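Heads up: the structure comes next, in structure tokens.
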Amino acid sequence: MKFSEKYGYSPIRDVLQVESINEDLQNLIWNAILDTFLNEKILGEDGLISFLEYIWSIYLKKPADEINIYNYNSVNYSFFKKYYFNSKWFEKYDLIQELCYLQESLNKHFGSKKIKFKDKINQILKMELSAYRIISDKVIQITKEEEIIEVEEAIKNTDKYNSVNQHLKVAISLFSNKQKPDYRNSIKESISAVESICKIIARKEDATLYDALKEIETKHAIHKALKNSFTSLYGFTSGAGGIRHALLENDIIVGFEEAKLILVSSSAFINFLISKYDTN
């Protein structure tokens with residue numbers, strides 16, 4: 001069995017769904033639309049018809065007299081479903097943003113019947129590791145292209161350093177497990193990848209990260225502030241949320257944001273060290 005098969009490693013670009021929406025995310029978004037805007041129990045038949053007319057005439061800008069939303073005395077939304085599943089990934093996010101705007105006006109109209117589409121969508125985007133979130137009714141990219149490139153480059157650059165490469169791949173796999181993401185151990189693996197490359201460059205197999213960085217500072221004149229930033233990060237992972245130790249009752253629980261920050265930062269630092277101090 002290959003390493004990637006054993007640990008379920010996937011390219012970080014696919015994991016974080018930048019400029020893409022995979023089938024699972026696509027279906028979950030549609031289910032949220034079904035449960036919210038195409039649900040007669042929430043909108044009633046008149047509300048559902050008004051919603052579909054709005055989508056047809058205002059959002060899709062189709063001729064108003066050509067809409068067909070009746071099918072054997074029931075409301076038919078097949079045109080909307082066809083549009084959604086045939087649309088491109090960015091068009092789906094355009095639609096999501098439009099529906100978030102629409103949620104506010106519908107909530108004012110229905111009063112106590114609160115439509116919570118935005119909350120549902122953000123839960124889905126987070127669960128499926130989308131690179132986007134809804135913030136103030138706008139679709140905002142929370143993962144930048146530069147961050148993706150850093151992780152991709154780190155995987156590529158460490159191909160000849162098996163221990164570093166494996167730590168990074170395990171970090172990504174733990175981070176991207178949708179059923180049971182393990183952010184604590186993903187952070188641990190990211191820092192372990194930094195520790196491994198520092199040991200290689202310092203040529204000290206048994207050194208800690210702190211000792212290896214100190215050796216690199218002495219031999220290669222690494223900037224002290226840069227060294228201190230990663231020794232501080234190492235200290236964070238040793239104390240926060242029980243990352244490198246057993247959890248204590250009052251420890252901070254780390255999540256997606258912390259794991260992504262450490263993965264990207266570690267990847268960038270590894271790329272820096274290899275480009276500047278690699279002597280192989």
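As the structure is a computational prediction, the values presented were derived from the model and not from experiment. In what follows, residues are counted from 1 in the order of the sequence shown.
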Ignoring hydrogens and geometry beyond distance, is a side-chain donor-acceptor pair present between Asn157 and Asn271 at under 3.5 Å?
yes
Check the side chains of Lys120 and Thr36 for a donor-acceptor pair under 3.5 angstrom, ignoring hydrogens and angles.
yes
Enter the distance from Ile12:CD1 to Glu152:CD here, rounded to the nearest 0.5 Å.
8.5 Å
Could you measure the distance from the CG atom of Leu99 to the CZ atom of Phe117? Nearest 0.5 Å is fine.
4.5 Å
Aromatic ring proximity Phe51/Trp56, centre distance under 6.0 Å
no
Heavy-atom nearest pair, Ile262 first then Ser190, reads CG2-CB, 3.8 Å
Could you tell me whether a side-chain N or O of Asn22 sits under 3.5 Å from a main-chain N or O of Leu25, the two making a donor and an acceptor?
yes
Heavy-atom donor-acceptor pair, Asn122 side chain to Ile134 backbone, under 3.5 Å:
yes
Run the side-chain contact (heavy atoms from CB on, under 4.5 Å) test against Asp119 and tell me which residues pass, sequence neighbours left out.
Lys116
Between Lys204 and Glu215 (salt bridge meaning N to carboxylate O under 4.0 Å), is one present in this structure?
yes
Sequence neighbours left out, what passes side-chain contact (heavy atoms from CB on, under 4.5 Å) with Asn162? Give chain and number order.
Gln166
Answer yes or no: is there a donor N or O on one side and an acceptor on the other, between the side chain of Ser186 and the main chain of Ala171, under 3.5 Å?
yes
Closest contact, heavy atoms only, Gln103 versus Lys118:
OE1-N, 2.8 Å
Checking side-chain contact (heavy atoms from CB on, under 4.5 Å) for the pair Ile270/Ile274: CA distance, chi angles, key distance, verdict?
CA-CA 6 Å; Ile270 288 168; Ile274 291 175; 3.8 Å; yes
Side chains of Tyr54 and Glu98 only: does a donor on one sit below 3.5 Å from an acceptor on the other?
yes
Under 3.5 Å, is there a donor on one side chain and an acceptor on the other for Tyr93 and Lys88?
no
Is the closest side-chain donor-acceptor distance between Lys169 and Asn165 under 3.5 Å?
yes
